Amino acid sequence: MGGAHTGVWWLEWAYAGFTLFGEHVRWADLLGNIAALATVALAVRRSMWTWPVQLTGAVLLFAVSIDAHLTGNALKQLMFIGLVAYGWTRWARATKGGADLKVRPATGHERGLLLGLLLGGTVAVALLFQATGASWAPWPDAFIFVGSAIATFGQSRALIDFWFVWIIVDLVGVPLALMSGLWVSGLVYSVFFVLAAAGIRDWVRQYRLREPGAAEAEVRT
């Protein structure tokens with residue numbers, strides 16, 4: 001998305017930026033995605049700071065998405081704001097008194113429930129986007145929306161599986177962001193692969209150190 005600003009008039013600040021390799025890069029998109037990267041890096045370390053940083057990034061990316069007419073992505077950022085409050089509260093309670101955050105794999109029942117929500121939610125949201133014309137790419141936009149909700153919910157509950165959900169979401173998010181002209185978002189989605197792999201390794205290691213007898217069997221479940 002280059003040239004003159006064609007988005008929402010009161011969000012002209014969200015379009016402000018610079019040109020890089022012939023493409024317009026928005027400052028809000030850049031800073032929002034830096035916050036998103038920091039959020040993942042902090043989540044790898046199980047740091048409480050992941051939540052306020054994610055809140056900051058969600059606000060910036062909400063503005064960018066509204067201006068770029070990506071309704072699904074904008075709604076995703078609003079969803080993040082709500083889930084941040086939930087996750088922040090849960091982690092604060094779990095680490096009260098300086099305790100380490102206890103991570104674990106999801107149970108078979110939890111995985112089946114999350115998968116059902118991912119599939120059913122994607123269909124429902126995609127049909128809604130199609131009916132309302134809220135997104136020019138309703139199916140991938142719906143998958144990213146629902147997948148992001150499930151991943152963040154899993155993170156809130158300290159489930160190792162949330163990293164795998166993020167990897168799948170990234171596979172869809174990279175091409176959609178690039179086709180929308182959000183080049184920074186597309187590049188950041190790519191970096192998420194590396195961070196998610198590091199997150200899986202670190203969280204599994206922490207779980208095995210805490211419960212060495214049961215960890216290996218549960219991770220394979």
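Heavy-atom basis, side chains included; hydrogens, waters and symmetry copies ignored. Not measured: the values here are computed from a predicted model.
The environment of CZ in R205 is crowded: more than 12 heavy-atom neighbours from other residues, nucleotides or ligands sit within 6.0 Å.
Atom OG1 in T56 sits 10.5 Å away from atom CG in L61 (nearest 0.5 Å). Summarising the geometry, atom CD1 belonging to I200 is positioned 9.5 Å from atom CD1 belonging to I160; distances are rounded to the nearest 0.5 Å. Rounding to the nearest 0.5 Å places CG of L118 at 11.5 Å from CG of L113. Note that the CG atom of D141 and the OG1 atom of T122 stand 11.0 Å from one another [nearest 0.5 Å]. Distance OG1/T152 to CD/Q54: 5.5 Å, rounded to 0.5 Å. Expressed to the nearest 0.5 Å, how far OG1 of T39 lies from CG of L55 amounts to 9.5 Å.
The shortest distance between side-chain heavy atoms of V169 and F164 does not fall below 4.5 Å. Using a 4.5 Å heavy-atom threshold, the side chains of L159 and V103 count as separate. Q206 places none of its side-chain heavy atoms less than 4.5 Å from the side chain of K102. W91 has its side chain within reach of Q155: a pair of non-hydrogen atoms, C-beta onward, lies under 4.5 Å apart. Between D29 and N33 the shortest side-chain heavy-atom distance falls below 4.5 Å. The side-chain heavy atoms of P52 and W88, taken from C-beta on, include a pair separated by under 4.5 Å.
When all heavy atoms of G32 and L60 are compared, the closest pair comes out as N-CD1, 3.7 Å. Taking all atoms of both residues into account, the shortest heavy-atom contact from G87 to S156 is CA-OG, 3.4 Å. Considering all non-hydrogen atoms of both residues, F143 and I168 come closest at CZ-CG2, 3.4 Å. A58 and I81 make their closest contact through CB-CG1, 4.0 Å (heavy atoms, listed as atom of the first residue, atom of the second, distance). In terms of heavy atoms, V191 sits closest to L37 at CG1-CD2, 3.7 Å. For the residue pair A149 and M79, the shortest heavy atom distance occurs at CB-SD, 2.9 Å.
Under the 4.5 Å side-chain heavy-atom criterion for Ile, Leu, Val, Met, Phe, Trp and Tyr, L114 and F80 are members of the same hydrophobic cluster. The cluster map of Ile, Leu, Val, Met, Phe, Trp and Tyr, joined by side-chain heavy atoms under 4.5 Å apart, puts W49 and Y86 in different clusters. A single hydrophobic cluster is seen to contain both V64 and F62, as judged by linkage of ILVMFWY side chains at heavy-atom distances under 4.5 Å, directly or through other members. Put simply, V123 and L128 are part of two different groups of oily side chains (I, L, V, M, F, W, Y) that touch within less than 4.5 Å, one to the next. Tracing side-chain contacts under 4.5 Å through hydrophobic residues (I, L, V, M, F, W, Y), one reaches I144 starting from L78; they form part of the same cluster.
Between F192 and W166, the ring planes lie tilted relative to each other; the angle falls in the 30° to 60° range.
Between D202 and R46 there is a salt bridge, since at least one side-chain N of the basic residue sits less than 4.0 Å from a carboxylate O of the acidic one.
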Exercise. Show the numbers, then the answer: is there a side chain to side chain contact (heavy atoms under 4.5 Å, CB included) between W139 and L127?
Key: CA-CA 8 Å; W139 287 93; L127 292 176; 4.3 Å; yes
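No side-chain donor-acceptor contact under 3.5 Å links S47 to the backbone of L42. Checked by atom type and distance alone, the side chain of D161 pairs as donor or acceptor with a backbone atom of A106 at under 3.5 Å. Within the 3.5 Å criterion, the main-chain N or O of G98 finds no donor-acceptor partner in the side chain of T95. With hydrogens and angles ignored, the 3.5 Å screen pairs no side-chain donor or acceptor of Q77 with any backbone N or O of A74.
For W203 and F162, the ring centers sit closer than 6.0 Å to each other.
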